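Step one of this worksheet: look at the structure below.
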Amino acid sequence: MSDEKDGKHNEGSQFKAPMNGQSHVKKLIAVVSGKGGVGKSLITALLAVLVNRKGYKTAILDADITGPSIPKAFGLHEKAAGTDNVITPVRTKTGISIMSLNLLLEHETDPVVWRGPLIAGAVKQFWTDVVWGNIDFMFLDMPPGTGDVPLTVFQSLPVTGIVVVTSPQELVGKIVEKAVNMASMMHIPVLGVVENMSYYVCPTCGTKQYIFGESHADVVAESHGIHTLCRLPIRQDLAKAVDGGAVESLQENGLDGLVNTILA
Ligand code: ADP
Ligand code: MG
């Protein structure tokens, strides 16, 4: 049984989509979540900002094709330039290279009404056809869940590590374990778990309030042998920055442990 499982998922590199000759990515890190709305895009953007600040060449491939929110987090409204064969990523103020379907759509509010294979194909094309140049760390803002599209993306892109973003309710519902198990089936290491919206600090009395219930993140992390666990509170400045295009101006040290693991 386990042989069959391994045989099915342990694809060799010959099945991976090749990059073009003008792109080289050293580390490809996928940011996943069990469901939408838990802060996956915020964490993807923040990780890229923090790694970029350390002086590494950093990029984000927005693989959440039907819910692209990376351009907005960086305040990008220009279109990506492209010819028939190649597309050039858009660079943020601090020099992070970004590709997202929203940078190609004529109107940012156009809905993407595509079925799974086309969506997975678009992600693959962002990997193969975009002229990324030399990148030290590329972050993938993955579609939420463990469905068909994330599975295809994992099978066709050479992901080197996974970051799982979750919220306290999700951990109770065990959704996050599915994401962790999927990573393990694909033989991709989980670099860390981020419990987002973990608590709220009352601005008047300073006490921590566990709005979504007490955390279970450490139990989940421990049971899967994941050593890096970060918790981010619900904070207005985080929401304001990511919704207002100013994620690069955020000062945030709650992810330092994870950044160290990523850079290790
Ligand atoms: P996802 O990519 O998982 O769908 P987002 O990163 O888009 O989630 O976050 C969903 C919403 O929640 C956004 O409007 C964002 O500003 C807000 N948000 C996420 N994390 C926090 C946080 N720690 N504190 C306050 N607001 C947050
Ligand atoms: Mg998102």
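Order of appearance sets the numbers: ligands from 1, and atoms from 1 within every ligand. Everything numeric here is computed off the predicted structure, so don't read it as measured data. Heavy-atom basis, side chains included; hydrogens, waters and symmetry copies ignored.
- For atom 11 (C) of ligand 1, the nearest protein heavy atom is 4.0 Å or more away.
- Heavy atoms of Arg235 found under 4.0 angstrom from ligand 1 belong exclusively to the backbone.
- With Asp62 contributing its side chain and Pro68 its backbone, the two residues share no donor-acceptor pair below 3.5 Å.
- Among the atoms of Thr44, no N, O or S atom is found under 2.8 Å from the Mg ion (ligand 2).
- Residue contacts with ligand 1: Val38 is placed with a nitrogen or oxygen under 3.5 Å of a nitrogen or oxygen of the ligand (distance criterion only).
- A donor-acceptor pair is defined here as one N or O able to donate and one able to accept, closer than 3.5 Å; no such pair exists between the side chain of Asn134 and the backbone of Ser23.
- Taking distance alone, with nitrogen or oxygen atoms compared against 3.5 Å, Gly39 approaches ligand 1 more closely than that limit.
- By the 4.0 Å heavy-atom criterion, Ser33 is excluded from the residues contacting ligand 1.
- More than 12 heavy atoms of other shown residues, nucleotides or ligands fall within 6.0 angstrom of atom NZ in Lys79.
- Selection from Met197, Arg231, Gln236, Met142 by nearest heavy atom to atom 18 (N) of ligand 1 gives Met197.
- Checking side-chain atoms of Thr261 against main-chain N and O of Gly257 turns up a donor-acceptor pair under 3.5 Å.
- Within the structure, ligand 1 has Pro233 among the residues with a heavy atom less than 4.0 angstrom away.
- Nearest heavy-atom pair, Val38 versus Asn196, reported as atom, atom and distance to 0.1 Å: O-ND2, 2.8 Å.
- Residue Leu42 touches ligand 1 through backbone and side chain together, judged by heavy-atom distances below 4.0 Å.
- Residue-ligand proximity, Asp243 to ligand 1, at heavy-atom distances under 4.0 Å covers atoms 13 (C), 14 (O), 15 (C), 16 (O).
- Heavy atoms of Asn196 come nearer than 4.0 angstrom to ligand 1 in at least one pair.
- Of all heavy-atom pairs between Thr160 and Ile188, the closest is C-CG2, 3.9 Å.
- Judged purely by atom type and a 3.5 angstrom limit, Glu252 uses its side chain to pair as donor or acceptor with the backbone of Gly254.
- At under 3.5 Å, not a single nitrogen or oxygen of Lys35, backbone or side chain, sits near a nitrogen or oxygen of ligand 1.
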